[in-house]
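Convention: sequence-line order gives letters A, B, ...; per-chain numbering from 1. Remember, predicted model here, so these are calculated numbers, not experimental data.
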There are 2 protein chains.
Amino acid sequence: MSQEFSGKGDPLKLMQLLWGKVQAPRRGPKPKVSLNELVTSAIAIADAEGIDAVSTRKVAEAVGISPMSFYTHVPSIAELRDLMLDQVLAECTEPPEGWENMNWHQRLTYIAENLWQHYMRHTWVVEMETHRPVMGPNTLASYELALSAVDGLGLDEIEMDLTVTSLHNYVLGAVRHAAREQAVWKDTGMSDTEWWYTIAPFMETLDFSPYPVSSRVGPIAGEAYGVGDPLRAFKFGLERFLDGMTLLIERKQGAPDQ
Amino acid sequence: MSQEFSGKGDPLKLMQLLWGKVQAPRRGPKPKVSLNELVTSAIAIADAEGIDAVSTRKVAEAVGISPMSFYTHVPSIAELRDLMLDQVLAECTEPPEGWENMNWHQRLTYIAENLWQHYMRHTWVVEMETHRPVMGPNTLASYELALSAVDGLGLDEIEMDLTVTSLHNYVLGAVRHAAREQAVWKDTGMSDTEWWYTIAPFMETLDFSPYPVSSRVGPIAGEAYGVGDPLRAFKFGLERFLDGMTLLIERKQGAPDQ
DNA sequence: AAAAAACTATTTACACCGTACAACATTTAA
DNA sequence: TTAAATGTTGTACGGTGTAAATAGTTTTTT
């Protein structure tokens, strides 16, 4: 299912749907619903019940068409999912207030934290974005915003792309813990802390002598921020990355011809 | 399906299975297969056909038991997937040759690159690890190895944990592009480059004026390394992160009491 | 030795899923 | 008015996870 990559079918059709470039049919009955209604409805279902609740039948029912009518609007569920990804990313395309007065450090921090919040609002996106890039208008617009944060700093185009890409990569990797916790809590009512206390008695029966460093670090880290503090790990890594970026940018500005 | 978090059922049962702490039954017939055979078989299927090909029926057939016999060994497919994750991570638990003579920079680089290769060997792991941490022996052992890379540098325990966690987060975020490309290629025979050429004619019909920076950066980056070079982006971000780590470690060593 | 208990294995069944296919309904161009 | 093009719908198939009932096997208890 998730293995049904859209490249298999018709990548062009997906692009046309993403960019609204499907030529309007000259004859035939008017469609009962628009593509936008389908995608919006699917996103609502995913936000409320998770991505696995988004089935062709359920989306069709939500917008009031028969199950198979779905396929007149979207080639398959794989394309629907890609459309969902691009549409929901509309939240990350606009610069925030004061953007013009921010330096690159503040801008990249904003990009990363905004992306974090986006993933937390729609935890299903974290699962889906492991798949295939979606060349849609909102995806491109959010890439544009991120790139503009590091424009004019002395980085060449390739370094700009690498910066934005690895920052995005990092956020996605870091957010999954927090996203998972929220999804599990939503689904089961059990927090990570409760889960931890459930297995803690068992953990104490284990022999930890093969893991000397872990058994020193684990409890201290655990006491400091509970089972794990994804946000703190995220911020820690972000700081290291940005510190590294500072070094690179200073180097480039010191030798602009390199 | 992927929303069936194991916390829902019985987290303790999973822990017992992970650590081989299920008390041997006193009576009744001998099981036809062992848990290990089931998990190994499931991993083989996932490696060959992707995670979605791993169904209870298929695994049962592969080891030669009836479909429902599966549930004698594993509570549900969610637990099987967790067991797969831990078992396959056995590849990342041993220090490489020369580990003792490496400095922290070399060690962290090894950890990151080895993890990258692990994910590339088993691309389905990338999809699955977005879910829930598995407190199994191999997971713990790989955590131990990573922690030992930054032990004795003047970092406190929390910083050690944060370092290892964010490094792992970063690798996971960065590898997904490469993993996806490989999975798509395996499944469809279409490389990312071919896919790009399929949609390129359409892309040229689009109006890129709303994306000035992207349309400057995109082509240059594209020409430099094709559609995208996940490995290069990975290494770029890794360098920035390690540069940032250097600053932190130097700071800590300059003020050991802080 | 016989009976009971504990366990594994199997069969059947159900409610979902994505979607192929064919018949039908509606709108427009010829 | 007719034919073409399109949207809608019902039926059907093979796949999924797994609940429930049943059958078979081994060990413990009587």
Side-chain angles (χ1 to χ4, degrees), chain A residues 1-6 8-10 13 16-17 22-38 42 45-46 49-84 128 187, chain B residues 1-6 8-10 13 16-17 22-38 42 45-46 49-84 128 187:
Chain A
M1 199 204 343
S2 349
Q3 292 293 112
E4 299 293 338
F5 302 100
S6 77
K8 211 171 185 176
D10 194 347
K13 179 72 186 180
Q16 288 166 356
L17 291 170
V22 271
Q23 71 279 22
R26 305 208 170 286
R27 29 182 124 174
K30 297 290 164 234
K32 284 171 111 175
V33 300
S34 70
L35 178 63
N36 226 288
E37 289 175 74
L38 275 173
I45 294 173
E49 305 172 55
I51 190 61
D52 289 333
V54 178
S55 67
T56 57
R57 287 173 165 86
K58 218 164 191 170
V59 173
E61 196 198 348
V63 300
I65 58 178
S66 76
M68 286 308 289
S69 248
F70 177 93
Y71 291 94
T72 48
H73 302 89
V74 186
S76 89
I77 191 134
E79 279 82 2
L80 175 73
R81 295 213 269 237
D82 286 347
L83 291 166
M84 291 169 67
M128 301 208 41
D187 206 49
Chain B
M1 200 200 348
S2 350
Q3 293 293 112
E4 301 292 339
F5 302 101
S6 77
K8 213 173 186 175
D10 193 347
K13 179 73 185 178
Q16 289 166 355
L17 291 170
V22 272
Q23 71 280 22
R26 306 207 171 286
R27 30 182 125 173
K30 298 288 164 234
K32 284 171 110 174
V33 301
S34 69
L35 179 62
N36 226 288
E37 290 175 73
L38 275 171
I45 294 173
E49 305 173 54
I51 191 62
D52 290 332
V54 179
S55 67
T56 57
R57 286 173 167 85
K58 219 166 192 169
V59 173
E61 197 198 348
V63 299
I65 58 179
S66 76
M68 286 305 289
S69 251
F70 176 92
Y71 291 95
T72 317
H73 302 88
V74 186
S76 88
I77 190 132
E79 278 82 3
L80 176 73
R81 296 211 269 237
D82 286 347
L83 291 166
M84 292 168 68
M128 302 208 41
D187 205 50

Check: A:R57 side chain, C:dT19 base, donor-acceptor under 3.5 Å: yes
Touch class at under 4.0 angstrom, heavy-atom based, for A:F70 against every strand present: nothing
For atom OH of A:Y71 and atom C1' of D:dT8, their distance in whole Å: 15 Å
Euclidean distance, atom CD of residue B:Q23 to atom P of C:dT8 [Å, nearest integer]: 10 Å
Heavy-atom check, side chain of A:V22 versus side chain of A:K13, under 4.5 Å: yes
A:S69 side chain near D:dG7 phosphate (N/O to OP1/OP2, under 4.0 Å): no
Residue pair B:H73 / B:V33: nearest heavy atoms and the distance that separates them: NE2-O, 3.2 Å
Under 3.5 Å donor-acceptor, B:E79 side chain and B:S76 backbone: yes
Among D:dT9, C:dT8, D:dG17, the nucleotide that comes nearest once only the side chain of A:I65 is considered: D:dT9
Beyond-backbone contact of B:L80 with B:V54, side-chain heavy atoms, under 4.5 angstrom: yes
Most 5' of B:P29 and B:K58 on DNA chain D, judged by nearest nucleotide: B:K58
Between P of C:dA6 and CZ of B:R26, the distance in whole Å: 12 Å
Rounded distance in Å - CG (A:L35) to C1' (D:dG7): 15 Å
Selection from D:dT18, D:dT9, C:dG18 that lies nearest to any side-chain heavy atom of A:S66: D:dT9
Touch class at under 4.0 angstrom, heavy-atom based, for B:S55 against every strand present: sugar-phosphate
Whole-Å gap separating C1' (D:dA23) and CE (B:M68): 15 Å
Residues B:R81, B:I51; criterion side-chain contact (heavy atoms from CB on, under 4.5 Å); working and verdict: CA-CA 9 Å; B:R81 296 211 269 237; B:I51 191 62; 4.2 Å; yes
Whichever of A:S76 and B:P67 has its nearest DNA chain C nucleotide further upstream toward 5': B:P67
Rounded distance (Å) that lies between atom C1' of C:dT19 and atom CG of A:L80: 14 Å
Selected nucleotide, minimal atom distance to A:K32 side chain, candidates C:dT10, D:dT9, C:dG18: D:dT9
d(CD, A:E49; P, C:dC17) in whole Å: 11 Å
Interatomic distance where CD1 belongs to A:I77 and C1' belongs to C:dC16 [whole Å]: 13 Å
Minimum-distance nucleotide to A:H73 side chain [options: C:dA9, C:dA6, D:dT8]: D:dT8
Which nucleotide in C:dA9, C:dA25, C:dA29 has an atom nearest any side-chain atom of A:R27: C:dA29
Proximal nucleotide (of D:dT27, C:dC21, C:dA9) relative to the B:K30 side chain: D:dT27
